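No experiment lies behind these values; they were computed from the predicted model shown. Order of the sequence lines fixes the chain letters, A, B, ..., with proteins taken first and strands second; residue numbering starts at 1 for each chain.
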Amino acid sequence: MLLSSLVSTSSQVAATSGRLAKITLLADLLKQAGPDEIALAIAYLSGTIRQSKIGVGWATLNKAKSYVATTPRLTIQEVDATLEKIAMTAGKGSATEKQRLLSDLFSRATAEEQDFLFRLLTGELRQGALEGIMVEAVAKARDLPASEVRRATMLAGNLGAVASGDVASFKVELFRPIKPMLAKTATDVDEALAELGPASFEYKLDGIRIQVHKRGAEVRVYSRTLNDITGEVPQVVASVKGLKVGEVILDGEAIVLSADGRPLRFQETMKGLGSAVPFFFDILYSDGASLLDQPYSARTKLLPEAHRPPHIVTADANAARSFFDAAIAAGQEGLMAKGLESKYDAGRRGGAWFKIKKANTLDLVVLAAEWGHGRRHGRLSNLHLGARDPNGGFVMLGKTFKGLSDELLEWQTQQLLEKEVKREGHIVYVRPELVVEIAFNGLQDSPHYPGGLALRFARVIRYRDDKKPEDADTIETVRKLHGTGA
DNA sequence: GGTGTCTGCCCC
DNA sequence: ATTCTGC
DNA sequence: GCAGAATGGGCAGACACC
């Protein structure tokens, strides 16, 4: 298949707003693909490549844009072969060699093809369709219910394999990781109870998500994105080897504990992953049988109790609230709330799991803003946030673009341009006059920012037009917050 | 060897 | 990671 | 309700360059 056919479909999809129309366009292209092409076409049109990572990013791609071919001749198999070579290149001189291979590929591509490859390899396809839509397209092309294709994909871990195989034949298998179930956010335990009724509440541990597969003495550990991280977490492996179970797939979180049993900050956990220990809150497979369709309450009964995070089952808001307070006091992130009857909804956020975290807020001053990309083109988007320095001036603590509606984006662009003092590249610096209320999940040590502190997951709540910069929170307040564990 | 830059279906 | 938006 | 888009900070590992 010519790359140009695929690129043409991609632009048509991008130019189409309706989901059903996108699906039809994609399904039509899939029908034209040969058996050895279909997996590649699916990968490229859902924004991924077969190699998943090839050690090439924005900087390398930008240098590869030079000569432009006029006739489209590249096939998708040729593209895949080159990407494979790039992925396999390692060692001294490899960056140069990767660059050469990429430039050579680009020189055989038309302008549209180069643009597509650039977006594909930077992970910014922006055609309004990725894997979720592609699942529907595969279902349409094969004349199967989308639910069956989705289920097979979750078990195969790869949509390409589902496009040609017998969808009924896919089942849970050891050492083939399944996409982890995700959680929605709830503001408090009351919201979670209202959604779920009686629920299991568990400490939410601030570490890294792990999925552990065990068969006898053989143990492998996978990350949230299904990377094999077995070698990085030896304590987890040792701990699982000690479990008196045969075949099992467990879902949980790995964290590092200090001598007194309190959790380390996330940053420290990342530095000391080698000593991270596992806590398991779910089980997906046991001795030959999939447990995905069992209710949560039945699955948890099969968990090794010694490795579970603290948990209670209750319908009582007061009990849940004090459990939340206990979690925070113990230095944990908050709680998870899970419906007792719920199945394991692999890869989905729509299921019966909620996360409840403590949020902090600060009133900070906008120091600058950056021009947005894509649908935010022409608008000032990413805000530079500063706390007031009592000795004069402001100390930058991070940036955010979250929490801004289109309307607010428009408003802030006007406001900020009125306050512009200078530009450097895509950054517009402004007089520090606007105060914004910012919510965030915690503070991290920062090697980059002048105060040595950075906000974690900052987002805009609202502009405080009732406040002046001299009413903004000070860096001392922020330091105090950090000291108390925020 | 020391330092800087880029990359990561990164981890969150 | 969080949030907003179109479907 | 789902899926996609737009973007954050920090860290380790790999390589380039001096």
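Of the residues in residues 82-101 of chain A, A:A90, A:G91, A:K92, A:G93, A:S94, A:A95, A:T96 come within less than 4.0 Å of DNA chain D through at least one heavy atom, sorted by number. Of all the residues in residues 131-162 of chain A, A:E131, A:G132, A:I133 reach under 4.0 Å from DNA chain D with at least one non-hydrogen atom. Shown for residues 262-278 of chain A: residues whose heavy atoms fall under 4.0 angstrom of DNA chain D, namely A:Q267, A:K271.
A:E232 has its CD atom 16 Å from the P atom of B:dG8, to the nearest Å. Following rounding to the nearest Å, A:K179 (NZ) and D:dC2 (P) show an atom-to-atom distance of 15 Å. Rounded to an integer number of Å, the gap from A:L125 CG to D:dA3 C1' is 14 Å. As a whole-Å value, the separation of A:L397 CG from D:dG10 P is 11 Å. Between A:R348 atom CZ and D:dG1 atom P the separation is 13 Å, expressed in whole Å. In this entry the distance linking CG of A:L102 with P of B:dT7 reads 11 Å, nearest Å. The distance between atom CD of A:Q412 and atom P of D:dA6, rounded to the nearest whole Å, is 16 Å. Atom CG in A:L385 sits roughly 13 Å away from atom C1' in D:dG9 (whole-Å rounding).
A:T225 has a side-chain polar atom (N or O) that falls below the 4.0 Å cut-off from OP1 or OP2 of B:dC10. Side-chain N/O atoms of A:S381 include none lying less than 4.0 angstrom from OP1 or OP2 on D:dA6. A close approach under 4.0 Å does occur between a side-chain nitrogen or oxygen of A:H448 and OP1 or OP2 of D:dG10. For B:dC11, the OP1/OP2 oxygens have a side-chain nitrogen or oxygen of A:S223 closer than 4.0 Å.
Going from the C1' atom of C:dA1 to that of B:dG8 covers 15 Å, rounded to whole Å. Rounded to whole Å, the separation between the P atoms of D:dA6 and B:dC11 comes to 23 Å.
Within a 6.0 Å sphere centred on NZ of A:K419, other residues, nucleotides and ligands contribute more than 12 heavy atoms. Annotation: A:D143, atom CG; neighbour count of heavy atoms from other residues, nucleotides and ligands within 6.0 Å does not exceed 12.
Set against D:dC11, D:dG8, B:dC12, the side chain of A:P447 has D:dC11 as its closest nucleotide. In this structure, of D:dG9, D:dG8, D:dA6, it is D:dG8 that holds the atom nearest to the side chain of A:N382. Among the nucleotides B:dC11, D:dG8, D:dG10, the one closest to the side chain of A:E370 is D:dG8.
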Q: Could you check A:D473 against A:R388 for salt bridge (charged side-chain N to carboxylate O under 4.0 Å, His left out), going step by step and ending with a plain yes or no?
A: CA-CA 6 Å; A:D473 283 308; A:R388 186 161 60 86; over 6 Å; no
(Q) Pair A:Y222, A:H213 - check ring-ring contact (aromatic ring centres under 6.0 Å, His included), show working. (A) CA-CA 8 Å; A:Y222 303 94; A:H213 294 222; 5.0 Å; yes
Q) Where do A:F201 and A:I356 land on the side-chain contact (heavy atoms from CB on, under 4.5 Å) test, with the steps shown first? A) CA-CA 10 Å; A:F201 289 91; A:I356 308 155; 4.3 Å; yes
Q: Evaluate the criterion side-chain contact (heavy atoms from CB on, under 4.5 Å) for residue pair A:L455 and A:L364; output intermediate values, then yes/no.
A: CA-CA 11 Å; A:L455 303 169; A:L364 299 174; 3.8 Å; yes
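With salt bridges taken as basic N to acidic carboxylate O contacts below 4.0 Å, none links A:E195 and A:K184. A salt bridge links A:E333 to A:K357: one of the charged nitrogens lies within less than 4.0 Å of a carboxylate oxygen. Salt-bridge annotation for A:R209 and A:D251: present, with a side-chain N of the basic residue lying under 4.0 Å from a carboxylate O of the acidic one.
A cation-pi arrangement is present between A:K65 and A:F118, with the terminal nitrogen or guanidinium carbon under 6.0 Å from the aromatic centre and inside a 45° cone about the axis. With a 6.0 Å cutoff to the six-membered ring centre and a 45° limit on the axis angle, A:R456 counts as a cation-pi contact of A:F266.
Within the nucleic acid shown, A:Q127 comes within 4.0 Å of sugar-phosphate atoms alone, with no base atom in reach, counting heavy atoms only. Across all strands, A:I229 comes closer than 4.0 Å only to sugar-phosphate atoms, never to a base (heavy-atom distances).
Residue pairs meeting the side-chain hydrogen bond (donor to acceptor under 3.5 Å, both in side chains) criterion with at least one partner in residues 394-407 of chain A, sequence neighbours excluded, are A:E370-A:K399, A:R375-A:D406.
The 5' end of DNA chain D is approached more closely, in terms of each residue's nearest nucleotide, by A:G351 than by the other of A:Y449 and A:G351.
Annotated stems with DNA chain D as a participant read B:1-8 with D:11-18, B:10-12 with D:8-10, C:1-7 with D:1-7, given as range with range, by first number; only runs of 3 or more Watson-Crick or G-U pairs under 3.5 Å qualify.
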**Q.** Annotated protein contacts, base or backbone, on nucleotides 1-7 of chain C with a non-hydrogen cut-off under 4.0 Å, one of B, S, - each
**A.** BBSSSBB
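Checked against side-chain contact (heavy atoms from CB on, under 4.5 Å), A:T96 has no partners two or more places apart in sequence or in another chain. For A:E78, the salt bridge (charged side-chain N to carboxylate O under 4.0 Å, His left out) partners two or more places apart in sequence, or in a different chain, are A:R108. Residues satisfying the side-chain contact (heavy atoms from CB on, under 4.5 Å) criterion with A:K179, sequence neighbours excluded, are A:E131, A:L226.
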Hey, what are the protein-to-nucleotides 2-6 of chain B N/O distances that come in under 3.5 Å?
none

Using distance only, find each side-chain donor-acceptor pair of residues 147-156 of chain A under 3.5 Å and give its atom names and separation, not counting sequence neighbours.
residue, atom, partner, partner atom, Å
A:R150, NH2, A:E136, OE2, 2.9
A:R151, NH2, A:F170, O, 3.3
A:T153, OG1, A:V149, O, 2.6

Tell me which donor-acceptor pairs under 3.5 Å the side chains of residues 435-442 of chain A have, and how far apart each pair is, sequence neighbours excluded?
residue, atom, partner, partner atom, Å
A:E437, OE1, A:R462, NE, 2.7
A:E437, OE1, A:R462, NH2, 3.1
A:N441, OD1, A:R459, NH1, 2.9

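Looking at A:R479, its side chain does come within 3.5 Å of a backbone N or O of A:G451 through a donor-acceptor pair. Remark: side-chain polar atoms of A:Y344 are paired, donor with acceptor, to backbone N or O of A:M181 under 3.5 angstrom. Although no hydrogens or angles enter the test, the distance criterion places a donor-acceptor pair under 3.5 Å between the side chain of A:T413 and the main chain of A:L380.
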